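Here is the structure we will look at, set down as structure tokens.
Everything quoted here is computed from the prediction, not taken from an experiment.
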Amino acid sequence: METICGIHAVREALSAAGQSFERLHILQSTRPNPRLQELIDQARRQRIAVRFEQPAALDRLAQGANHQGVVAVLAGHGYAELEDVLAELPEQALLLILDGVQDVHNLGALIRTACAAG
């Protein structure tokens, strides 16, 4: 299960084309929070299930990340077969295959290295 935690990160992901959500978990509170309400409204417009949770449940979902009262659970990814990808590439192509990149700095270094290699 892949999650996105935090108000700004979830807002950006909701706005991104191609991002598919399974559900949105929001902190259950008696005090209204306009920033969380904006996310709830946007999720409902996109027909994404919204669940209201106690703080302990959000903490478990966030696995230690600062969730700021919101955790989005992403839907599973669809993957292409390697043969299909290779069939679509030009003859002189450089292909960089990554699996499980956790740090955006590592991804940037890999991309820069691939560009330097041509």
Is it true that [X] and [Y] fall in one hydrophobic cluster, defined by side-chain heavy atoms closer than 4.5 Å?
X     : Y      : value
Val10 : Leu36  : yes
Leu96 : Leu107 : yes
Leu98 : Ile111 : yes

Check side-chain hydrogen bond (donor to acceptor under 3.5 Å, both in side chains) between [X] and all other residues, then give those that pass, not counting sequence neighbours.
X     : value
His25 : Arg23, Glu53
Gln92 : none
Asp41 : Gln37

Between atom [atom1] of [X] and atom [atom2] of [Y], what is the distance when rounded to the nearest 0.5 Å?
X      : Y     : atom1 : atom2 : value
Gln54  : Leu27 : CD    : CG    : 8.0 Å
Ile26  : Leu58 : CD1   : CG    : 8.0 Å
Leu110 : Ile97 : CG    : CD1   : 12.5 Å

Solution key, residues 66-74 side-chain donor-acceptor pairs under 3.5 Å, sequence neighbours excluded:
| residue | atom | partner | partner atom | Å |
| --- | --- | --- | --- | --- |
| His67 | ND1 | Gly69 | N | 2.9 |
| His67 | NE2 | Asp59 | OD1 | 2.7 |
| Gln68 | OE1 | Ile7 | N | 2.8 |

Within the structure provided, determine whether Ile40 and Phe52 are in side-chain contact (heavy-atom separation under 4.5 Å). yes

Are the side chains of Ser15 and Gln42 in contact, using a 4.5 Å heavy-atom criterion? yes

Tell me which donor-acceptor pairs under 3.5 Å the side chains of residues 80-88 have, and how far apart each pair is, sequence neighbours excluded?
none

What residue pairs, at least two apart or across chains, pass side chain to side chain donor-acceptor pair (under 3.5 Å) with a residue in residues 1-11? Glu2-His77, His8-Arg11, Arg11-Glu38

Are Arg44 and Val50 close enough, and set up right, to give a side chain to side chain contact (heavy atoms under 4.5 Å, CB included), and what steps lead you there? CA-CA 7 Å; Arg44 287 183 173 155; Val50 177; 4.2 Å; yes

